[in-house]
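Read the structure below first, then the notes.
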Number of protein chains: 2
Amino acid sequence: MKKNPTILDIAREAGVSKSTVSRILNNAENVSPGTRKRVLEVMLKHRYRPNFFARGLGGRRTGVVGVVVTDITNPFYSVLVRGIEDVCRVYRYNIYLCNTDGREEEEKIHIDSLMERKVDGVILASTMLTEHSLADLLERDVKLVLVARLPEDHSSFNFVVVDNVMGGYLAAKHLITLGHERIAYIAGPWLSSPNLDRFAGFRRALGEVGLGVDEKDIVQGDFKMESGYLAGMKLAKSLSSRPSAVFAANDAMAVGAKEAFSELGMDVPHDMSVVGFDDIPLGALRCVQLTTVSQSIYDQGAISGKTLIERILHPDKGGIQQIVLPPKLVVRKTCARVPTREKRGERSGT
Amino acid sequence: MKKNPTILDIAREAGVSKSTVSRILNNAENVSPGTRKRVLEVMLKHRYRPNFFARGLGGRRTGVVGVVVTDITNPFYSVLVRGIEDVCRVYRYNIYLCNTDGREEEEKIHIDSLMERKVDGVILASTMLTEHSLADLLERDVKLVLVARLPEDHSSFNFVVVDNVMGGYLAAKHLITLGHERIAYIAGPWLSSPNLDRFAGFRRALGEVGLGVDEKDIVQGDFKMESGYLAGMKLAKSLSSRPSAVFAANDAMAVGAKEAFSELGMDVPHDMSVVGFDDIPLGALRCVQLTTVSQSIYDQGAISGKTLIERILHPDKGGIQQIVLPPKLVVRKTCARVPTREKRGERSGT
DNA sequence: TCCATTTATGGTACCGCTACCATTATAAGC
DNA sequence: GCTTATAATGGTAGCGGTACCATAAATGGA
């Protein structure tokens, strides 16, 4: 028989009609066991696979979802995508991968392309879109799950995030417990909800013990390692008086900062404590040992994948799904008890 | 008009036939400029996008390629995929991403799924398949490009690889120049062509100066960091007499080994020199500074993507494309000149 | 036994697009 | 002016499935 048998070829060889074969493909009832067995055998014999496009043409599910991330090269997203892929596999779903580099324009182009390819749903990690653009998407009846970053008004979307406020709080609390009173913050872009929330939690913890954050101790970064390095340099070089600890809005920047400190001959943690956020694999490296706030990235991927596909498979079952995961403090070796007042005095005059 | 206009809707509104609209979609000639403009305007007005499935049903190109990697979480593959994705974007191609975890069975399942979805081509990174299974694929007229790892007989496939033999040679040469005479090798799986070739080059360089590799100095790993750590431990603990340098078949293992050495109080590079292979971002970290052999992973991705799509777009133009990229030694800070004979004598008795 | 109901199957009209052929309008050649 | 290319368009049959209706056979209750 020809290389790519069609449903008609199978039907003919099994001596039934296309309809019957179609029924078997879709495990409909009302097919006698004998017929089913016979047809199945013919299918197996010819390695028959129904044509994906012919199926999709009917306007039904395609078994494909789109995954839009900032940059797969970033370990945060690669772990996330891995989580998504793993659950997709069990549902026999495929994923289209798209990188945006954080550019809204790219994101829109990719989404258009995904729509054109009639994906059943889309997972948007760290979306740059406003709730307005997103709502637009929903109207074109694509299932949608947001991960890691939310638009301002996210009340009507499915999402999976960590409790960033809680995470920031945990980080600050840890440093406070170690006696730190002046803690710097290496920020991500202020448009980004994770940055905003982490800072809010951080500030709250400080506020609870009567501390505050001086504006001088907030250094702007962009979530990338290099910006953390630069921020670390800046912080370290304010020699007359500097903080004894720093909380970075993510691990990449925390590692960058730590490198800056080491390079300047400072000892982490004794001269400067560092806390990050994310718990990327790199932080666990024996030469890094970063104390950080873990947000189980893989789980977020897996959960968002599962949420999306369940929503696709059972569109009417259940309303909006909004999942907020608890963060967890992971204590490694970049934080130390603050030096006694005298010792600190010798060094920084604070 | 309805949410998803069809070619017929556009045709009607523009006062032409489906055929004419179809011609314009496929930029065929034989359409008068006036008509073309009018139809284009109607399309734009309704944000018309031709239905992907209806198009694919005709048995033509789908604009999708499959990318099969071992594990996207591994920085080698995420950089590779990024390279692929970037060129796909300019061709307006989408990619399906698949992870196999290096399991042949998974790889086959994924490939079947890709075939079913009628991808125009497939990029197989580090394939576990034999030339036999691969040839099978070619017969189903899928365009194929292999990256990073080749089956034994690869004469009939398109591929993009680095010159691994040359890379191994470069690494060894560097160590030899620094005076090392006993160099250990942390191996990847012996079924893997990169491992085999790197070892071959390594051995050749040693042979050229009359040196050899003792079997005791070859430690088995699996390309993952943990196995490198274990290997490093094993190497370091042969206290009576140990090599002065180690070449690891990839960076992940090199970093793992380095960590083991540091943990045991050895000083890298002065007690032990380490060279890796790949040049993953992690190696550039200030606290790692791994001397390694760079194989421009991103470029490999970009080149393999371009090769694949060009092959799809112009199937008859040109034969098999086999690209072997030159590796480059990247000297950072994990190698030192070998201690003088007396000093080494104190330590290891060699 | 007969009619109603259920169960198993066949027939066919789409889904939205492209390929190919048919048709017309226009230009060119003599 | 009439024939013959050439350009611009329309008409329609698939591509390989699914959905829905029709039919035939089997079952069952009165």
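Quick note on labels: first sequence line is chain A, next is B, and so on, each numbered from 1.
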Detail all sub-3.5 Å separations between protein N/O atoms and N/O atoms belonging to nucleotides 20-28 of chain D.
none

Between [options], spot the one nearest the side chain of [X], thanks.
X	options	answer
Ser22(B)	dT18(C), dA7(D), dG17(D)	dT18(C)
Ser17(A)	dG10(C), dG10(D), dT18(D)	dG10(C)
Thr20(B)	dT9(C), dC17(C), dG10(D)	dG10(D)
Leu57(A)	dT18(C), dG16(C), dG17(D)	dG16(C)
Val16(A)	dT9(C), dG10(C), dC17(C)	dG10(C)

Figure out the [atom1]/[atom2] separation between [X] and [N], and round it to whole Å.
X	N	atom1	atom2	answer
Phe52(B)	dC15(D)	CZ	P	20 Å
Ile24(A)	dG17(D)	CD1	P	14 Å
Leu25(B)	dA19(C)	CG	P	11 Å
Met43(A)	dG17(D)	CE	C1'	12 Å
Arg55(B)	dG17(D)	CZ	P	21 Å
Ile7(B)	dG10(D)	CD1	C1'	13 Å
Asn26(A)	dG17(D)	CG	C1'	9 Å
Arg117(A)	dG16(C)	CZ	P	18 Å

Side chain Lys18(A) and base dG16(D) donor-acceptor under 3.5 Å: no

Using the closest heavy atom to pick a nucleotide of DNA chain D for each, name whichever of Ala54(B) or Pro33(B) lands nearer the 5' end. Pro33(B)

Could you check Thr35(B) against Leu8(A) and say which one's nearest nucleotide on DNA chain D is further toward the 5' end? Thr35(B)

So what is the end-to-end bend of the helix from dT1(C)-dA30(D) to dC30(C)-dG1(D), with 5 pairs used at each end and the value given to 10 degrees? 40°

With Tyr48(A), which of Leu40(A), Asp9(A), Val42(A), Leu25(A) fulfils side-chain contact (heavy atoms from CB on, under 4.5 Å)? Leu25(A)

Below the 4.0 Å mark, does dT9(D) have OP1 or OP2 next to a side-chain nitrogen or oxygen of Asn30(B)? no

So, is Ser32(A) near the phosphate of dT9(C), with a side-chain N or O under 4.0 Å from OP1 or OP2? yes

Residues in ring pair (Phe, Tyr, Trp, His ring centres under 6.0 Å) contact with Phe53(B), at least two apart in sequence or another chain: Phe52(A), Phe53(A)

For Tyr96(A), all residues meeting ring pair (Phe, Tyr, Trp, His ring centres under 6.0 Å), sequence neighbours excluded: Tyr96(B)

[X]: partners by salt bridge (charged side-chain N to carboxylate O under 4.0 Å, His left out), with sequence neighbours left out:
X	result
Arg12(A)	none
Arg82(A)	Asp86(A), Asp71(B), Asp101(B)
Arg47(A)	none

Touch class at under 4.0 angstrom, heavy-atom based, for Tyr48(B) against every strand present: sugar-phosphate

Would you classify Asn51(A) as touching base, sugar-phosphate or nothing, given that sugar-phosphate means primed atoms plus P, OP1 and OP2, and contacts are heavy atoms under 4.0 Å? sugar-phosphate

The side chain to side chain contact (heavy atoms under 4.5 Å, CB included) partners of Glu310(B) (sequence neighbours excluded) come to Tyr91(B), Lys306(B), His314(B)

Of Glu104(B), Glu106(B), Glu105(B), which is the lone residue that meets salt bridge (Lys or Arg N to Asp or Glu O under 4.0 Å) with Lys108(B)? Glu104(B)

Can you pull out every ring-ring contact (aromatic ring centres under 6.0 Å, His included) where at least one residue sits in residues 126-155 of chain A? Sequence neighbours excluded, please. His154(A)-Phe159(A)

Ala11(B) and Lys18(B) have their tightest heavy-atom pair at CB-N, 3.7 Å

